[in-house]
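Worksheet for the structure shown next.
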Amino acid sequence: MGAEVLLDAGAVSRCRRRVHLEHDPGMRDVPLPPPDPASEQRIADAAAHRLAIRQRLVDASPADATWVTVPRDLPAQERARATEQALADGVPFIWGALLPVDAEGHRRGGVELLVRSDGGYVPVLVVRHRITDRGAGAPTTVMTDLDPHHAVADPVRKVRSQPRDQLRLAHLRRMLETTGHAPRERAYGGVIGLDADVVVWHDLAAATWPGGRTALDEYDARFADRLAIANAAAAGDEALAEPSRVLECKRCPYWPTCQEKLTETRDVSLVVRGEDAMELRRLGVSTVDALAVRNPAEEPPITWTGGSYADAVVLARAWLADLTMVRKVERVEVARADVEVDVDMESFGDSGAYLWGCLLSGADIGLEQGYHAFATWEPLPTTDEARSFAEFWTWFGEVRARTEAAGLTFRAYCYNELAENRWLYGSAERFREYPGIPAKAEIRSFVESDEWVDLFRVVADQFLCSHGKGLKVVAPAAGFTWRDPEAGGEASMRWYRDAVGMDGEAPDAVQRERLLRYNEDDVLATRALRVWMTERAMTEVPFMGDI
């Protein structure tokens with residue numbers, strides 16, 4: 001069985017339990033959920049990014065430079081044969097390479113680009129995330145210079161921590177070594193990121209990892225671990241990796257399988273994540289029950305990394321009592337105002353924000369109260385987004401101006417400001433030359449003021465939430481119910497595709513109304529949550545000191 005196991009580069013970064021499940025013969029007939037629309041859009045965006053980068057690189061190459069493109073839609077065996085032939089021919093640039101399977105090393109994998117260098121090939125990844133931050137010292141070349149020998153310390157950039165990129169490059173380096181096509185001297189790999197202005201070159205044999213390890217050292221250790229897990233799973237032996245709730249679980253197709261087992265065993269990771277859960281298990285505190293009976297006032301029995309140990313003990317007690325929320329404070333406080341606006345933005349991946357929904361309530365300032373929507377139904381990306389954003393900001397500004405003129409107080413509310421702030425700043429930047437678009441300084445002045453209130457932070461500061469702090473979890477505790485039983489971010493991505501006719505069909509007016517109703521419910525939910533915290537939470541939610 002073990003000889004049949006082949007791991008791709010992603011295995012060394014994935015959850016160990018997921019690697020087990022991916023190779024467990026018993027999981028072959030278990031249906032997995034389809035990719036969510038957000039993931040599908042990210043995949044499509046990444047593919048478009050790769051194609052754009054390829055064209056720029058080819059256009060910038062010398063006229064006599066030879067490029068071989070291995071079509072991604074070919075069967076895997078044909079792609080591998082085409083790659084082998086290009087490697088044997090010493091082609092300077094190989095795009096879309098799929099390396100021959102390394103059966104002995106149990107590896108498989110491909111890369112966006114292989115560049116001839118030092119008698120071998122260096123891999124170059126094309127990724128859709130940022131790879132540098134402000135700073136100095138990152139070894140770079142301009143994006144169209146694919147010679148690692150030209151890399152120099154960049155005075156304005158430092159390497160952003162993206163360990164997956166380096167581990168993937170290390171995987172490819174090991175595969176190139178097996179085929180005899182790795183450069184003899186330097187173990188280099190390059191990355192072209194979202195901004196696509198430079199290539200960052202990583203020396204995989206340099207001691208740049210914690211403890212003086214190299215990227216190759218780290219990769220080799222992780223690969224050996226994941227291979228042992230996969231081999232044991234494939235052979236039906238005792239599992240070498242048990243489930244534990246981690247951040248990756250949110251998007252893992254195997255989460256329902258793990259969740260069932262974790263709930264059955266009442267595993268401590270249901271309330272404590274990551275390294276803290278692992279360390280607690282080593283001490284014998286492996287269940288929620290075992291954590292719940294500990295004294296929250298005592299010193300943590302381990303070096304605690306995530307939040308407060310006392311909060312973790314109380315969360316365990318809340319989970320056992322099936323309490324969604326527990327008060328951390330004697331008295332719940334929420335900043336209120338005479339005039340209030342609840343704001344919720346809907347975006348489609350990284351393509352843009354197509355809808356700004358607002359709920360106006362409070363004192364009469366001569367504007368219609370209730371729900372107001374500012375939307376574009378042209379498929380994103382579109383410059384019509386500038387119009388809808390300008391209309392939103394103009395209306396929003398008028399509310400603020402009338403409130404001030406009336407001598408009243410004003411506040412606006414959202415739930416988790418990271419999303420809204422991203423598109424407030426992003427829209428002001430992208431559409432700065434369009435009429436009605438505010439300057440970034442104006443956005444900053446508002447965002448950093450007391451008028452902008454993140455209810456997610458208010459909840460996090462004053463409540464412990466045993467099942468998560470998402471709006472869809474905490475608003476029902478306040479008695480709120482969404483009208484659409486499918487309401488949620490992933491569902492809204494599907495509705496949006498239909499609403500704008502993204503998949504070649506005619507735009508669906510029914511789905512547009514569905515999105516507007518969903519967005520209206522989101523702002524109604526934030527208002528209901530705020531009112532509940534002001535009026536009833538004190539009597540309806542137990543205090544942590546009492547459980």
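- Other residues, nucleotides and ligands contribute only 12 or fewer heavy atoms inside 6.0 Å of the CD atom of E185.
- For the pair R432 and E429, the salt-bridge criterion is met [side-chain N within less than 4.0 Å of a carboxylate O].
- Salt-bridge annotation for R128 and D195: absent, with no side-chain N of the basic residue lying under 4.0 Å from a carboxylate O of the acidic one.
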- [ ] Go through the steps for V127 and D165 under the test side-chain contact (heavy atoms from CB on, under 4.5 Å), then give the verdict.
- [x] CA-CA 9 Å; V127 299; D165 292 348; 4.0 Å; yes
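- A 4.5 Å side-chain heavy-atom check between R72 and R50 finds at least one atom pair inside the cut-off.
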- [ ] Start with the C-alpha gap between S388 and W356, add the side-chain angles, then the distance that decides, and say whether side chain to side chain donor-acceptor pair (under 3.5 Å) holds.
- [x] CA-CA 8 Å; S388 60; W356 292 87; 5.8 Å; no
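- The OG1 atom of T83 sits 5.5 Å away from atom CG of L98, with the distance rounded to the nearest 0.5 Å.
- Here the straight-line distance linking atom CG of L87 with atom CG of L176 works out to 7.5 Å at 0.5 Å rounding.
- Counted within 6.0 Å of CD on E260, heavy atoms from surrounding residues, nucleotides or ligands total 12 or fewer; the atom is thus considered open.
- From M493, atom CE reaches atom CG of D498 across 12.5 Å, with rounding to the nearest 0.5 Å.
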TODO: Apply the test salt bridge (Lys or Arg N to Asp or Glu O under 4.0 Å) to residues E279 and R282: give CA-CA distance (whole Å), side-chain angles for both, the deciding distance (0.1 Å), then the verdict.
DONE: CA-CA 5 Å; E279 292 299 321; R282 291 191 183 103; 2.4 Å; yes
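- Neither side chain, N231 nor H106, offers a donor N or O lying under 3.5 Å from an acceptor on the other.
- Look at R157 and D154 and you find a salt bridge, because one of the NZ, NE, NH1 or NH2 atoms lies within 4.0 Å of a carboxylate O, short of that distance.
- Taking a cutoff of 4.0 Å between a charged side-chain nitrogen and a carboxylate oxygen, D133 and K158 do not qualify as a salt bridge.
- The main-chain N or O of D147 is found under 3.5 Å from a side-chain atom of D145 such that the two form a donor-acceptor pair.
- A distance of 13.0 Å separates CZ of F348 from CD of E385, quoted to the nearest 0.5 Å.
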- [ ] Please step through salt bridge (Lys or Arg N to Asp or Glu O under 4.0 Å) for the pair E486 and R514, ending with a clear verdict.
- [x] CA-CA 10 Å; E486 296 182 25; R514 193 177 192 182; 3.4 Å; yes
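- In this pair, W304 and Y309 present their aromatic rings perpendicular. The plane angle is above 60°, beyond the 30 to 60° band.
- Considering all non-hydrogen atoms of both residues, L380 and T376 come closest at CD2-CG2, 4.5 Å.
- Aromatic rings from Y188 and H202 are positioned such that their centres are separated by 6.0 Å or more.
- A 4.5 Å side-chain heavy-atom check between D522 and E346 finds at least one atom pair inside the cut-off.
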TODO: Tell me, with the steps shown, if M143 and I53 meet side-chain contact (heavy atoms from CB on, under 4.5 Å).
DONE: CA-CA 9 Å; M143 198 275 285; I53 296 302; 4.3 Å; yes
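- Taking the charged nitrogens against the carboxylate oxygens, R54 and E112 have no contact shorter than 4.0 Å, which rules out a salt bridge.
- At a threshold of 4.5 Å between non-hydrogen side-chain atoms, the residues V152 and P139 do not count as touching.
- Looking at R18 and P253, their side chains come closer than 4.5 Å, going by heavy atoms from C-beta outward.
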Open item on the list: Quick one, E242 with R16, criterion salt bridge (Lys or Arg N to Asp or Glu O under 4.0 Å). Give me CA distance, side-chain angles, the key distance, then yes/no.
Closed with: CA-CA 8 Å; E242 292 298 327; R16 299 172 78 245; over 6 Å; no
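- Atom CG of D454 is separated from atom SG of C414 by 4.5 Å, given to the nearest 0.5 angstrom.
- Classified by interplanar angle (parallel below 30°, tilted 30° to 60°, perpendicular above 60°), the ring pair H171/Y219 is perpendicular.
- A ring pair (Phe, Tyr, Trp, His ring centres under 6.0 Å) with Y354 is found for exactly one of F389, W423, W495, Y496, namely Y496.
- A heavy-atom distance below 4.5 Å is found between the side chains of L216 and R174.
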- [ ] Evaluate the criterion side-chain contact (heavy atoms from CB on, under 4.5 Å) for residue pair D508 and R497; output intermediate values, then yes/no.
- [x] CA-CA 9 Å; D508 190 334; R497 298 185 74 92; over 6 Å; no
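- For the pair R14 and D8, the salt-bridge criterion is met [side-chain N within less than 4.0 Å of a carboxylate O].
- Between P75 and Q77 the shortest side-chain heavy-atom distance does not fall below 4.5 Å.
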Open item on the list: Apply side chain to side chain donor-acceptor pair (under 3.5 Å) to residues T214 and W209 and explain how you reach the verdict.
Closed with: CA-CA 6 Å; T214 70; W209 283 63; over 6 Å; no
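- Nearest heavy-atom pair across L169 and G190 is CD2-O, 3.8 Å.
- Of the N and O atoms on the side chains of T208 and R213, not one donor lies less than 3.5 Å from an acceptor on the other residue.
- Between the side chains of S244 and R281, at least one donor-acceptor pair of N or O atoms lies under 3.5 Å.
- In this structure, the side chain of T382 engages the main chain of D384 through a donor-acceptor pair within 3.5 Å.
- Between H49 and G193, the closest heavy-atom pair is NE2-O, 3.2 Å.
- At a threshold of 4.5 Å between non-hydrogen side-chain atoms, the residues L113 and I94 do not count as touching.
- T141 and W201 are linked by a side-chain donor-acceptor pair at a separation below 3.5 angstrom, with hydrogens and angles left out of the test.
- The minimum heavy-atom distance between R512 and A499, with the atom names listed, is NE-O, 2.9 Å.
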TODO: Evaluate the criterion salt bridge (Lys or Arg N to Asp or Glu O under 4.0 Å) for residue pair D73 and R79; output intermediate values, then yes/no.
DONE: CA-CA 9 Å; D73 55 357; R79 287 184 65 199; over 6 Å; no
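- In this structure, R107 is positioned above the aromatic face of F223, its NZ or CZ under 6.0 Å from the six-membered ring centre and within 45° of the axis.
- By the 4.5 Å heavy-atom criterion applied to side chains, V500 and E378 are not counted as neighbours.
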TODO: Would you sort out whether L167 and E218 count as a side-chain contact (heavy atoms from CB on, under 4.5 Å), showing the intermediate values?
DONE: CA-CA 8 Å; L167 293 171; E218 181 71 17; 4.0 Å; yes
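- Annotation: the span from I229 atom CD1 to D225 atom CG amounts to 4.0 Å, rounded to 0.5 Å.
- Counted by atom type alone, D267 and S269 present one or more donor-acceptor pairs between their side chains at under 3.5 Å.
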